[in-house]
**Student:** 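Got a structure here, written out as structure tokens. Questions coming.
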Amino acid sequence: MAGKVLIVDDEPNIVVSLQFLMKKSGFETSVARDGDEALLEVERFRPDLVLLDVMMPHRDGYEVCQQLRSSGWADLKIVLLTAKGREAEVTKGLALGADAYVTKPFSTADLIDTVNRLLAGGG
Amino acid sequence: MGSLRGGGRWVFAATVAAYVVLGGVVLSLLLWSGLASDQRKVMSDAIAGQAPALLITSVLMVAGLVALVAWVIGRYSSTARRLTADTRLVLDANPSHQLDRSGPPELRELAMAVDDLAERRRMAEGEVAEQIAAAQERLEQERNRLATLMAELAVAVIVCNVDGQILLYNAAARSVLDDEAVVGLGRSIFGIVDRDLLAHAVERIKDGSSSHVTTTLHGQQLLQVQVATLQGADQAVTGFVLLLEDLTDRINLSTRRDELLRELTEGTRASLGSIQAAIETVVDYPDMEPEERQQFVGIVREESHRLGRQVEQWVTESTAYLGTEWLGSEIGGADLLAVVAGALQRADAVTVSVLPPTEALWVRVDSHAVARAIGHLAERLHEQVGVDSLTLAIARAGGHAQLEAAWAGEGPDAEEFQTWLDEQITGGAAPSVREVIERHGGEVWSGNASGAAPHLRLLLPLTEAGLEPAARIAIGDTGRPEFYDFGLFDQPAESLAWQDRSLGELSYTVFDTETTGLDPTGGDEIISVGAVRVVNGRLLRRESFERLVDPQRRVPAGSTAVHGITAEMLKGQPTIDTVLPAFARYAADTVLVGHNVGFDMQFLRLKEPSTGVRFTQPVLDTLLLDAAVHPDHEEHSLEAIAARLGVEVLGRHTALGDALVTGEVFLRLVTLLQQRGIRTLGGAVEASRATLHARLDQSMYNR
């Protein structure tokens with residue numbers, strides 16, 4: 001299944017793995033290192049799905065998510081990826097328009113499943 | 001004129017008449033001696049001719065004189081006596097009695113003067129009485145205010161007098177000390193805090209401050225007790241205020257947290273150690289066999305998974321613990337909305353409407369801080385986006401309560417919204433909205449997801465219903481509890497023997513039992529005990545005792561028809577071996593009262609050997625007391641007495657229902673006994689005994 005995935009994270013060590021995994025799963029990838037860059041990259045790269053870290057300098061993942069939703073990116077799939085694992089944060093993330101919320105550490109197989117499911121049109 | 005009563009008055013009148021007669025005789029003699037002899041001749045002839053008539057006239061005149069004088073004297077003196085009696089009446093019995101105004105004018109004036117004096121005295125007394133009434137009213141109001149305040153306090157408070165008798169406690173104290181045999185008006189504080197320990201705490205109090213001691217209750221509950229003294233006018237200690245805090249949970253909590261922390265560090269180190277060793281081995285020995293390498297990689301994978309699971313577990317558990325540690329108060333969803341709406345309306349920036357919650361939910365929050373946080377955001381929304389009206393709602397959202405404020409129109413700029421969160425909330429040294437929300441372990445955001453109206457949402461911690469109902473503060477519940485009795489301040493120490501103590505000052509346990517039948521020696525058993533306390537002349541409905549008892553035998557259908565208790569209801573209930581000791585502790589140091597109590601006592605006494613409990617206190621029977629007070633009535637059933645004494649009968653034929661009715665009846669009987677001069681327990685026992693004998697003689701002593 002082909003598709004474009006944008007990886008947004010300020011932690012290079014996890015970006016390496018994520019990019020490798022997404023490429024191996026057959027996706028075209030691009031990387032952004034903070035929230036502002038992510039907004040620009042979405043406009044340029046026009047991905048089908050964003051792997052979005054919540055904890056980032058300047059503009060956090062919640063804000064990016066909200067911004068994307070309010071600027072017309074309704075069909076773009078957003079997966080929030082974060083070390084913030086409290087239930088209140090999950091609720092907030094989903095309320096702000098994310099399609100899935102994955103807590104670090106995560107199983108790579110589960111993440112790939114989630115991405116595939118979302119891009120296949122699952123909820 | 002005090003000596004002129006009865007005969008004295010006549011003697012006096014006769015004396016006056018005698019003087020008049022003597023005067024007449026002397027005058028006649030003087031006239032006689034001044035006459036010439038021929039004149040004397042004419043005179044004596046004239047007199048001699050009229051002698052009987054003259055004599056009779058003289059006697060009549062003298063008698064008339066005596067009567068007149070006696071009458072005049074009598075009139076004055078009897079009026080004076082009546083005045084005296086009337087004045088005494090005014091003085092001693094009826095201050096508004098008016099003096100009789102008949103009698104001689106001088107005495108009438110005196111009567112009027114006395115009336116004036118009485119009138120002034122009446123007015124003065126009326127003023128004093130009014131002042132006393134007003135002062136008492138104020139005192140009562142202050143006491144009620146204090147009691148209401150205490151009842152609402154989340155802190156457990158107990159006030160006792162110097163003898164250790166509990167005068168006041170609040171709902172929080174009741175919930176901390178969950179034992180009706182320990183907390184109760186008139187009960188001894190030394191059942192909670194050891195006498196020596198309290199003395200030790202009092203010794204350490206300096207300059208009107210307070211001191212702490214820690215104690216255990218029933219060997220399991222750890223209590224921290226803060227003690228302050230109450231001082232009377234002369235600086236003498238009149239009582240103590242105790243603030244109680246249950247440390248048990250907190251200690252358990254911190255113990256568990258320490259354990260978690262230890263597990264985390266140790267578990268993390270172990271897993272990290274394995275990972276590090278495996279990776280370094282792989283790196284240092286690049287020429288190892290593929291199977292060997294596979295083994296090391298497997299270790300890294302396994303250990304990192306284990307680390308992840310460990311962190312996950314730690315997060316779950318620690319949030320559960322952190323959630324309970326923070327001391328907000330629990331509040332109902334609808335009440336929280338009301339608090340927030342009230343604060344917004346007072347701030348007057350926006351108009352507010354509230355959607356009532358569709359489900360009952362409780363949150364644990366600092367409602368004031370939350371209201372101010374929302375108020376701050378509402379103010380910014382008003383200034384920056386022109387929001388004029390907000391609609392508040394609250395609902396469950398996963399494990400949280402989601403409080404929403406929605407409006408029509410534009411939403412705020414996301415970046416600007418973030419800056420509002422970090423501003424200090426206006427007014428005072430307040431934290432920011434973000435700090436308030438973080439303190440609650442919550443979240444806050446603004447949005448208009450899926451085309452909905454723009455809104456502001458807060459996630460706040462939910463508490464499970466039924467978790468700690470006693471500690472909940474329900475706003476609007478103003479029912480003043482029976483939690484205080486300052487009359488106990490003035491109660492003398494319990495030094496008198498039982499029989500000499502006054503009926504009004506004694507504490508009573510009024511109780512009733514339901515049984516499987518009427519024959520305790522034939523195997524019938526108690527299936528329910530209900531009791532209520534009477535302290536200082538008040539029935540303490542809130543301090544009741546009610547237990548169902550598994551009789552460990554069949555419950556006859558006939559008895560179920562009476563008390564409505566089925567075998568099903570008794571399944572899993574404690575047996576009499578547990579209930580009787582609990583009841584004994586509840587009834588300790590009180591007089592037992594019941595209706596036809598001999599029946600109940602028979603059941604209790606039969607259980608004394610097997611339970612090791614002994615009921616040695618005095619016992620009063622309302623049936624016998626009623627017979628003593630109303631010897632002419634033949635009907636002394638509880639219903640009949642209740643009807644006669646105007647006691648409303650509700651929920652009869654449960655043990656507690658009957659105990660409550662008996663308690664009300666008992667209080668009225670005590671008043672009637674007192675009116676008949678029976679004021680002590682000894683007197684009441686004696687009167688009961690006498691009626692019992694009378695009734696036995698008439699063979700009327702039936703249940």
Side-chain angles (χ1 to χ4, degrees), chain A residues 13-14 16-17 21 34-36 38-39 42 52 54-78 80-111 123, chain B residues 271 275 301-316 318-320 322-323 363 395-404 410-419 421 434 437-438 440-452 454-462:
Chain A
N13 283 346
I14 194 82
V16 171
S17 301
L21 284 171
D34 62 45
D36 291 332
L39 291 175
V42 167
L52 184 57
V54 170
M55 293 292 286
M56 291 183 299
H58 311 309
R59 200 185 281 271
D60 70 18
Y62 293 129
E63 227 183 303
V64 171
C65 182
Q66 197 171 12
Q67 194 77 33
L68 288 173
R69 289 302 183 214
S70 63
S71 56
W73 290 92
D75 296 331
L76 175 64
K77 302 295 178 191
I78 301 178
L80 284 176
L81 206 57
T82 172
K84 281 182 155 206
R86 292 184 314 141
E87 200 213 327
E89 287 148 355
V90 179
T91 308
K92 176 177 177 178
L94 297 180
L96 289 175
D99 296 291
Y101 195 100
V102 175
T103 309
K104 293 177 187 173
F106 49 83
S107 135
T108 50
D110 287 351
L111 178 70
Chain B
S271 292
I275 292 170
R301 180 201 185 100
E302 189 187 320
E303 288 298 332
S304 51
H305 277 201
R306 180 184 305 190
L307 261 181
R309 281 197 305 274
Q310 189 133 30
V311 170
E312 207 51 50
Q313 184 194 349
W314 192 79
V315 166
T316 318
S318 68
T319 40
L322 289 174
V363 287
R396 220 174 266 273
H400 286 78
Q402 179 171 280
L403 198 162
E404 182 183 278
E410 292 293 304
D413 176 75
E415 247 173 290
E416 203 176 347
F417 185 75
Q418 294 298 322
T419 64
L421 295 183
R434 200 188 295 280
I437 299 305
E438 275 174 7
H440 288 81
E443 281 290 340
V444 56
W445 70 91
S446 158
N448 52 350
S450 61
H455 55 246
L456 171 71
R457 282 183 186 165
L458 279 77
L459 291 181
L460 297 168
L462 267 181

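Sequence lines set the chain letters: A, B, ... in the order given, protein chains first and strands last, and positions in each chain run from 1.
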**Student:** Under 4.5 Å heavy-atom distance to chain B, tell me which part of A:Gln66 shows up: side chain, backbone, both or neither.
**Tutor:** side chain
**Student:** Please look at A:Gln67 and chain B and tell me whether the side chain, the backbone, both or neither of the residue comes under 4.5 angstrom of a heavy atom of that chain.
**Tutor:** side chain
**Student:** Using non-hydrogen atoms and a 4.5 Å limit, figure out which bit of B:Glu415 sits close to chain A: side chain, backbone, both or neither.
**Tutor:** both
**Student:** Report yes if some heavy atom in the side chain of B:Arg457 is under 4.5 Å from a heavy atom in the side chain of A:Lys92; otherwise report no.
**Tutor:** no
**Student:** Identify which part of B:Val444 has an atom lying under 4.5 Å from any heavy atom of chain A, answering side chain, backbone, both or neither.
**Tutor:** backbone
**Student:** Taking CD in B:Glu410 as the centre, count heavy atoms belonging to other residues, nucleotides or ligands within less than 6.0 Å. Is the count above 12?
**Tutor:** no
**Student:** Indicate the atoms forming the closest heavy-atom contact of B:Ala397 with A:Thr91, along with that distance.
**Tutor:** CB-CG2, 4.3 Å
